[in-house]
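Working notes, structure below.
First listed ligand is number 1; within each ligand, the first listed atom is number 1.
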Amino acid sequence: MDPLRRSFSPCSSRPSSPRTPPCEASDSVGIEAVLDQLKIKAMKMGFEFNIMVVGQSGLGKSTMVNTLFKSKVWKSSLPGLGTPMPQTLQLHSVTHVIEEKGVKLKLTVTDTPGFGDQINNDKCWDPILGYINEQYERYLQEEILITRQRHIPDTRVHCCVYFVPPTGHCLRPLDIEFLQRLCRTVNVVPVIARADSLTIEEREAFRSRIQEDLRNHCIDVYPQKCFDEDINDRILNSKIRERIPFAVVGADREHMVNGRCVLGRKTKWGIVEAPTSKT
Ligand SMILES: Nc1nc2c(ncn2[C@@H]2O[C@H](COP(=O)(O)OP(=O)(O)OP(=O)(O)O)[C@@H](O)[C@H]2O)c(=O)[nH]1
Ligand SMILES: [Mg+2]
């Protein structure tokens, strides 16, 4: 029987909300059980989340991908000790299924080659925008089929993390152009790359200048106004907007700090710890 139909039957005792005693309230049709059922179904199915990292060459995009995976799941395929991170030459994705308290998340991170190395950087956004649009198109083509799959694999990019070089000045014309194009296509989260190279004061001043540049050039990054659906969303989103662009430090080596094994960057002056989901 259709699980939704069953919940609308007045005398159905299971599944029902714990608040509704079975077969007692004759005016209740058990609509509130739908929420529980949807939750159980969504937990069983899991969620898909696809992130893409974009930015100029050498800003630490691949390292950040490793930081993300190493902190959670990725233990292999890392370059050996002392081996420098190879330059990314083509777009590629890594997928991991992460499970927390019974909720499954299929996380895919797409690493992209850095841009900005050429004398003429015109259209350096084309391969990245092409890939993003191709995924939308692929999903749409599956969705419009009359006999479509029950579950369409979702390769659309849900979030694009854009790495801003830590110049300490303002957004460069190339970043402005790239960001303007990206924002029209995908949710963009700008981050200050290699943030360990800035002092706290420099970082705050740089963040304010970038926020100003984003406003002045109509670059509508995540969370856009359309996500302010209710008062709670508005409060949360305004807090996020104050902190954007986030400052990031990537590392894929582990070090011992006060008897704790941490991911970090060892320098002559100490260890810069890369924040992970565990810390
Ligand atoms: N200081 C500092 N260096 C970093 C950070 N993240 C990465 N690096 C170093 O920067 C260099 C380049 O890092 P990658 O991760 O290869 O940079 P990328 O953006 O993927 O470069 P492309 O593949 O050329 O686009 C490496 O030597 C990293 O160790 C960081 O947060 N701070
Ligand atoms: Mg790379």
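Among all non-hydrogen protein atoms, the one lying nearest atom 17 (O) of ligand 1 is Gly60 N, 3.0 Å. Closest to atom 16 (O) of ligand 1, if we only count protein heavy atoms, is Met85 CG, 3.1 Å. Of all protein heavy atoms, the one closest to atom 27 (O) of ligand 1 is Arg265 NH2, 5.0 Å. The closest protein non-hydrogen atom to atom 10 (O) of ligand 1 is Arg194 NH1, 3.1 Å. With hydrogens left out, the protein atom closest to atom 1 (N) of ligand 1 is Asp196 OD2, 2.9 Å, a heavy atom. Among all protein heavy atoms, the one lying closest to atom 24 (O) of ligand 1 is Ser57 OG, 2.6 Å. Gly250 N, 2.9 Å is the protein heavy atom nearest to atom 31 (O) of ligand 1. Among protein heavy atoms, atom 21 (O) of ligand 1 sits closest to Gly58 N, 2.9 Å.
The SG atom of Cys183 sits 13.5 Å away from atom OH of Tyr222, with the distance rounded to the nearest 0.5 Å. A distance of 10.0 Å separates CG of Asn50 from SG of Cys159, quoted to the nearest 0.5 Å.
Lys239 and Glu242 are not joined by a salt bridge, as no carboxylate oxygen comes within less than 4.0 angstrom of a charged side-chain nitrogen. Ionic pairing of Asp175 and Arg172 is present here: one or more N-O contacts between side-chain nitrogen and carboxylate oxygen are shorter than 4.0 angstrom.
Between Leu59 and ligand 1, at least one pair of N/O atoms sits closer than 3.5 Å.
Considering all non-hydrogen atoms of both residues, Ser93 and Tyr131 come closest at OG-OH, 3.8 Å.
When each atom of ligand 1 is checked for a heavy atom of Gly114 under 4.0 Å away, the hits are 25 (O). Within ligand 1, the atoms closer than 4.0 Å to a non-hydrogen atom of Lys61 are 15 (O), 17 (O), 18 (P), 19 (O), 20 (O), 21 (O), 22 (P), 25 (O), numbered from 1 in the order shown.
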Checklist entry - Step by step, would you call Asp228 with Lys225 a salt bridge (Lys or Arg N to Asp or Glu O under 4.0 Å)? => result CA-CA 5 Å; Asp228 289 353; Lys225 279 273 170 247; 3.7 Å; yes
Checklist entry - Stepwise, does the salt bridge (Lys or Arg N to Asp or Glu O under 4.0 Å) test hold for Lys106 with Glu48? => result CA-CA 5 Å; Lys106 189 172 157 214; Glu48 280 169 299; 3.5 Å; yes
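Note on Thr112: not counted as a metal contact of the Mg ion (ligand 2), no N/O/S atom lying under 2.8 Å. Coordination check, Gln87 versus the Mg ion (ligand 2): failed, since every N/O/S atom of the residue sits at 2.8 Å or beyond.
Here the angle at the Mg ion (ligand 2) defined by OG1 in Thr88 and OG in Ser62 stands at 90°, rounded to 10 degrees.
Ligand 1 does not have Ser197 within reach: every non-hydrogen atom of the residue lies 4.0 Å or more from it.
Using a 3.5 Å distance cut-off with no hydrogens or angles, the side chains of Thr63 and Asp252 do not pair a donor with an acceptor.
Proximity annotation for atom 14 (P) of ligand 1: of Thr63, Val249, Thr88, Thr63 comes nearest, heavy atoms only.
For the side-chain hydrogen bond (donor to acceptor under 3.5 Å, both in side chains) criterion with Gln141, the lone passing option out of Glu143, Glu137, Arg138 is Glu137.
Between His158 and Phe49, the ring-plane angle classifies as parallel under the 30° and 60° cut-offs.
Seen from the ring of Tyr139, Arg156 counts as a face-on cation partner, given the 6.0 Å and 45° thresholds.
Distance screen at 4.0 Å: atom 5 (C) of ligand 1 has a protein heavy-atom neighbour inside the cut-off.
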